[in-house]
Amino acid sequence: MILSLPPGEFDAYLFDCDGTVADSMPLHFVAWRQALGEWDCELSEDLFHAWAGRTVPDIIADLNAERGLAMPVAVVAARHLALYQEMLPELAAVPGVLEHIEDAHGWIPFAVVSGSSRESVTASLTTLGLLDRFEVLVCDGDYRRPKPAPDPFLLAARRLGVDPGRCLVFEDADNGIRSAEAAGMAWVRVPPPQQRRLTHG
């Protein structure tokens, strides 16, 4: 998969994690379905993808509010994480993104900017052997307003000491792209797994 970048010179690359660096969205969906199913709550694949980039606690809280449920947020979040971690041996990197990480590593700084917990992000990157590539990890709990607000990406730029306008964001989710645009950053969309398979065999 050849992932074309927008024109321009950039001083930092900021990567979403799930679905961007890690081809983890199918695994997360399985974990969500099982964790929520234990509380008689269903999550459709369409809604799962529509809410991509949102934090786990926010998703659980909104499901509670929309469906009149009282799922304990911390318990369900921990269960989702545990189920996801059980599937980590199946995890692979997204090829086109991995190429850019390998090509640019050491030339410009990288950050991961995720709506997932630090534990989840660290587990994914460690499994892929990529954790040491990133100078900064920005995860759920590090910012007040999650994507699509600009806060997560602006925080990453600040921690890297790079002007936001000189950052390039790699994202697979609409919420993440809106966040990057709000932060005044250029972006490149990472296609979803099915589209990558259809386009690139």
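Only a predicted model underlies this, so the values are computations on that prediction, with no experimental measurement involved.
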For the residue pair [X] and [Y], what are the closest heavy atoms and their distance?
X	Y	answer
Thr126	Thr122	OG1-O, 2.7 Å
Ala22	Val94	C-CG2, 3.9 Å
Leu3	Pro191	CD1-CD, 4.0 Å
Pro164	Ala183	CB-O, 3.6 Å
Leu154	Met185	N-CE, 4.2 Å
Leu137	Phe134	CD2-CB, 4.1 Å

If you group Ile, Leu, Val, Met, Phe, Trp and Tyr by side-chain heavy-atom gaps below 4.5 Å, do [X] and [Y] land in one group?
X	Y	result
Val113	Ile177	yes
Phe153	Val138	yes
Ile101	Leu125	yes
Leu27	Val121	yes
Phe110	Val136	no

Can you confirm whether [X] sits close enough to [Y] that some side-chain heavy atom of one is under 4.5 Å from a side-chain heavy atom of the other?
X	Y	value
His100	Val97	no
Leu98	Leu128	no
Asp58	Asp140	no

Any residue meeting side chain to side chain contact (heavy atoms under 4.5 Å, CB included) with Pro6, in chain and number order, not counting sequence neighbours
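Checked Pro6 against side chain to side chain contact (heavy atoms under 4.5 Å, CB included); matches are Phe10, Leu168, Ala186, Val188.
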
Side chain to side chain contact (heavy atoms under 4.5 Å, CB included) against Ala31, all qualifying residues, sequence neighbours excluded:
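Counting only residues at least two positions away or on another chain, Ala31 forms a side chain to side chain contact (heavy atoms under 4.5 Å, CB included) with His80, Leu83, Tyr84, Met87.
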
Can you pull out every salt bridge (charged side-chain N to carboxylate O under 4.0 Å, His left out) where at least one residue sits in [range]? Sequence neighbours excluded, please.
range	value
residues 145-156	Asp16-Lys147, Arg145-Asp151, Lys147-Glu171
residues 61-87	Glu38-Arg79, Arg54-Asp62
residues 111-133	Glu102-Arg133, Arg118-Asp142
residues 42-51	none

Under the 4.5 Å side-chain heavy-atom rule for ILVMFWY, direct or indirect, which residues accompany Leu63?
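Noted: Leu63 shares its cluster with Met25, Phe29, Trp32, Leu36, Trp39, Leu43, Leu47, Phe48, Trp51, Val56, Ile59, Ile60, Leu69, Met71, Val73, Val75, Val76.
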
Does anything in [range] pair up under side chain to side chain donor-acceptor pair (under 3.5 Å), and if so which pairs, sequence neighbours excluded?
range	value
residues 179-189	Asp174-Arg189, Glu181-Trp187
residues 105-117	Asp18-Ser116
residues 152-165	none

Partner set under side-chain hydrogen bond (donor to acceptor under 3.5 Å, both in side chains) for Asp11, not counting sequence neighbours
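Arg166.
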
Sorted by chain and number, sequence neighbours left out, side-chain hydrogen bond (donor to acceptor under 3.5 Å, both in side chains) with Tyr13 holds for none

Just how far is it from atom CD of Glu90 to atom OG1 of Thr127, taken to the nearest 0.5 Å?
11.5 Å

Applying the side chain to side chain contact (heavy atoms under 4.5 Å, CB included) test to Val190, which of Val21, Asp23, Asp172 qualifies?
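So the option named by the test is Asp172.
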
